[in-house]
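By convention in this document, chain letters (A, B, ...) are assigned in the order of the sequence lines, proteins followed by strands, and residues within each chain are numbered from 1.
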Protein chains: 2
Amino acid sequence: MADRLSGMDLDMDAMAAVQNVYRAANTIRNHLERTVLAPHDLTWTGWVVLWVVWIWGDIETRHVATEAGISKGTLTGVIGTLEKRGLLTRRVHPDDARRVLVALTAKGRKLMTRLFPMFNTEEARVTSALSANEKTSLARSLRRVVAQVDDFTPPTD
Amino acid sequence: MADRLSGMDLDMDAMAAVQNVYRAANTIRNHLERTVLAPHDLTWTGWVVLWVVWIWGDIETRHVATEAGISKGTLTGVIGTLEKRGLLTRRVHPDDARRVLVALTAKGRKLMTRLFPMFNTEEARVTSALSANEKTSLARSLRRVVAQVDDFTPPTD
DNA sequence: CGGCTAACGTTCGGTCCCAAACAATGCTGG
DNA sequence: CCAGCATTGTTTGGGACCGAACGTTAGCCG
C-alpha cells in the first residue's frame, strides 16, 4: 500500500481516521444486527426508525427521515415494512393533508421496551475496551466531524 | 428522550459513542459520495472495492470481500457492475478453478490515480475540525472497538 | 377567486446488502 | 480410484438505499 501511495501528497491521519470510522460503524452495526436485531427479524434501519418514533412519538415522516439519517424515499419503504408488521401506524396530518404522522402501536412500544435494554447492553459490550473518558472523547470528536461537514452543506431543510 | 428512558438502567456513554460512530460514518460517506464519487458515477462500495484491488492488485475475490467489509454475495454484484464499466477484470485462478482473480484495467488504474488524491483532500477537509492528535486518538479508539468485537466472534475464516 | 410556486410523501430504476441455497471444484482417506 | 467433505463464487429472495420524477395539497399574490 505504501508502494502505491508513495510520491502522492496525502493526509494519512485523515485517511486513517475516516477509514476507521467507517470500519467501526460497520463492525458495530453487524454485531448489533446479529446479536440483538436479527433474532427479532429487525433490520438496522428498521430499528433506528422505530427508535426515533419511540422517542419522539407522533412525529411527521420528514422528521423521522432526518433523525434516522435516510432519504424520504427510503423511509416510505421502511415504514411500509414496519406497518405491515403492525409495529407502527401512519395517518394523515389533521391540519395538512400533505403530511403524514407516524406513531408506534402497542405492539411496537412493547417491543422497544423489551429490546432496548438488550440493545444497550450490547452497546456497552461493544465499547467495553474503552474507558468512560475515551468513550466521551470519542463521541465528542465525532460530533465535531459531523458539525464540520454540516457546515459545508447549507441545510437543505 | 430522557422521559422515555428514565428508570432504565442504561450505559449512556456507550449509547452516545455508538450513535455518534454511526452518524459520523453516514455523514462522511454521504459527503464523499456527493463531492467526489457521484460526479464519476461511483458508489461508495464500488469505490472501496476499486481501492482494495488497486492497492493489492491481482487479488482473490474472497480477500476483496473481507477487506471491503462486505459479503461475498454482495461482492459478486459489485464486481459485475464495475466489470460492466470496464474498470476491472475477472479471471479464473490458474491453479484452482474455484477461485477468481480480480485486477484493475488500465482505465481503472487511471481513474484511481486521478480520483484518489481528490478523495483524500476531501477526507482531510472532513476531519479538519480535529487536531492531528485527535485524529490519531480517534483512529486508535475505533481500532480498539473493532478488535474487541472481533474477539467476540471467532474468525469465520 | 385562480394561477404560481413551494412543500410533502410516494413511486421508480438501479445498486447495494445479507443469509441461505446452490453448483462446481479440489482434497483426502479408505 | 473414488466417495464423502470442505471451499469458493454465484444465484436468489427480501429488504434497504438514493436521486429524480411525480401527484397532491397548501399558501401566496394578483
Tell me the interatomic distance from [X], atom [atom1], to [N], atom [atom2], rounded to whole angstroms.
X	N	atom1	atom2	value
R98(B)	dA6(D)	CZ	P	13 Å
K84(A)	dG14(D)	NZ	P	10 Å
R62(B)	dT25(C)	CZ	C1'	13 Å
L75(A)	dT11(C)	CG	C1'	14 Å
D41(B)	dG13(C)	CG	C1'	13 Å
Y22(A)	dC16(C)	OH	P	12 Å
N26(A)	dC17(D)	CG	P	12 Å
W44(A)	dA16(D)	CH2	P	14 Å

Need to verify one output field. Residue with the more 5' nearest nucleotide on DNA chain C, K72(B) or G77(B)? G77(B)
Taking OP1 and OP2 of [N], is either one under 4.0 Å from a side-chain nitrogen or oxygen of [X]?
X	N	result
T74(B)	dC16(C)	no
S71(B)	dC18(C)	yes
R85(B)	dG14(C)	no

Would you confirm whether the ring centroid of W47(B) sits within less than 6.0 angstrom of the ring centroid of F119(B)? yes
Going by atom types only, do [X] and [Y] share a side-chain donor-acceptor pair under 3.5 Å?
X	Y	result
T89(A)	E83(A)	no
S128(A)	Q148(B)	yes
E123(B)	N120(B)	yes

Describe the nucleic acid contact of [X] in one word from base, sugar-phosphate, nothing, applying a heavy-atom distance below 4.0 Å.
X	answer
T76(A)	base
T81(A)	sugar-phosphate
T43(B)	sugar-phosphate
T45(B)	sugar-phosphate

Considering heavy-atom distances to DNA chain D, does D96(A) or R29(A) have its closest nucleotide positioned more toward the 5' end? R29(A)
Given DNA chain D, 5'-ward residue of the pair G69(A) and A97(A), judged by closest heavy atom: G69(A)
If you only use heavy atoms from C-beta on, which nucleotide in dG9(C), dC18(C), dA26(D) is closest to the side chain of V100(A)? dG9(C)
Are side-chain heavy atoms of R62(A) and R99(A) found at a separation under 4.5 Å?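 Side-chain contact under 4.5 Å: yes.
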Test for a donor-acceptor pair under 3.5 Å between the base of dT8(D) and the side chain of R99(B), counting only N and O atoms.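 There is none.
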